[in-house]
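Step one of this worksheet: look at the structure below.
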Amino acid sequence: MKTSNVARAAMAALIGAAVAGTAHAEIKNYEFQLVQPTIKAGADRILTVRLVDKTTGKAVPDAVIFASRLDMAPDGMQEMTTKVTPMPGTEPGTYRFKATFGMAGRWQLSLGAKVQGETETVENKLVVTAEK
């Protein structure tokens, strides 16, 4: 009887350690950051962002970006949108997009992404300035 209690206690400790070992960071610990906050206005411009784990400062590779929108909401023209085309990243944790910045001003890039191992969605709105 004593052996089975010890075995149960050991099993409970192992399960607890396994559960603790698979805990993930909170989704608020991830954020997209602009690599360059300004870009030249015009057609086929490449915009690069980095997904960062704020607790470690490291880039997060292999996220799945499922939502993207680029509009001029910061300048009060949210109806002024442009197509955003995903492009291959140049290094792990960077995500690139091709878009036409039809006029100079502030543009808002809205992103939604899933990070591997997380159940929630990373959502950020970044403001990039297009210059003449």
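Given the structure is predicted, the values throughout are model-derived calculations rather than measurements.
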(request) Report the distance from atom NZ of Lys114 to atom CD1 of Ile65, rounding to the nearest 0.5 Å. (result) 13.5 Å

(message) Between Val122 and Ile27, is the side-chain contact (heavy atoms from CB on, under 4.5 Å) condition met? List the steps.
(response) CA-CA 6 Å; Val122 177; Ile27 206 68; 3.6 Å; yes

(message) Among Val52, Thr55, Thr56, exactly one meets side chain to side chain contact (heavy atoms under 4.5 Å, CB included) together with Asn29. Which residue is that?
(response) Thr55

(message) Checking the side chain of Thr82 only, and the main-chain atoms of Ala99 only, is there a donor and an acceptor separated by less than 3.5 Å?
(response) no

(request) May I ask you to check whether over 12 heavy atoms, not counting those of Lys58, lie within 6.0 Å of atom NZ? (result) no

(request) Ignoring hydrogens and angles, tell me if any N or O in the side chain of Tyr95 forms a donor-acceptor pair with the backbone of Ala63 under 3.5 Å. (result) yes

Result block: side-chain N/O donor-acceptor pairs under 3.5 angstrom for residues 32-50, not counting sequence neighbours:
from, atom 1, to, atom 2, distance (Å)
Gln33, NE2, Glu31, OE2, 2.8
Lys40, NZ, Lys132, O, 3.4
Arg45, NE, Lys40, O, 3.1
Arg45, NH2, Ala41, O, 3.1

(message) Could you measure the distance from the CE atom of Met80 to the CE atom of Met103? Nearest 0.5 Å is fine.
(response) 5.5 Å

(request) Starting at CG of Leu70, measure out to OG of Ser110 and round the result to the nearest 0.5 Å. (result) 8.5 Å

(request) Would you confirm whether Tyr30, through its side chain, and Ala113, through its main-chain N or O, come within 3.5 Å as a donor-acceptor pair? (result) no

(message) Give me each pair satisfying salt bridge (charged side-chain N to carboxylate O under 4.0 Å, His left out) with a member in residues 78-104, each pair once, sequence neighbours excluded.
(response) none

(request) Determine the minimum heavy-atom distance between Pro92 and Ala59, stating which atoms define it. (result) O-CB, 3.8 Å

(message) Using the rule that Ile, Leu, Val, Met, Phe, Trp and Tyr join whenever any side-chain heavy atoms are under 4.5 Å apart, tell me whether Phe101 and Met77 fall into a single cluster.
(response) yes

(message) Tell me every residue that passes salt bridge (Lys or Arg N to Asp or Glu O under 4.0 Å) with Asp75, counting only those two or more places apart in sequence or in another chain.
(response) Arg106

(message) Measuring from atom CD of Glu26 to atom NZ of Lys54, what distance do you get when rounded to the nearest 0.5 angstrom?
(response) 10.5 Å

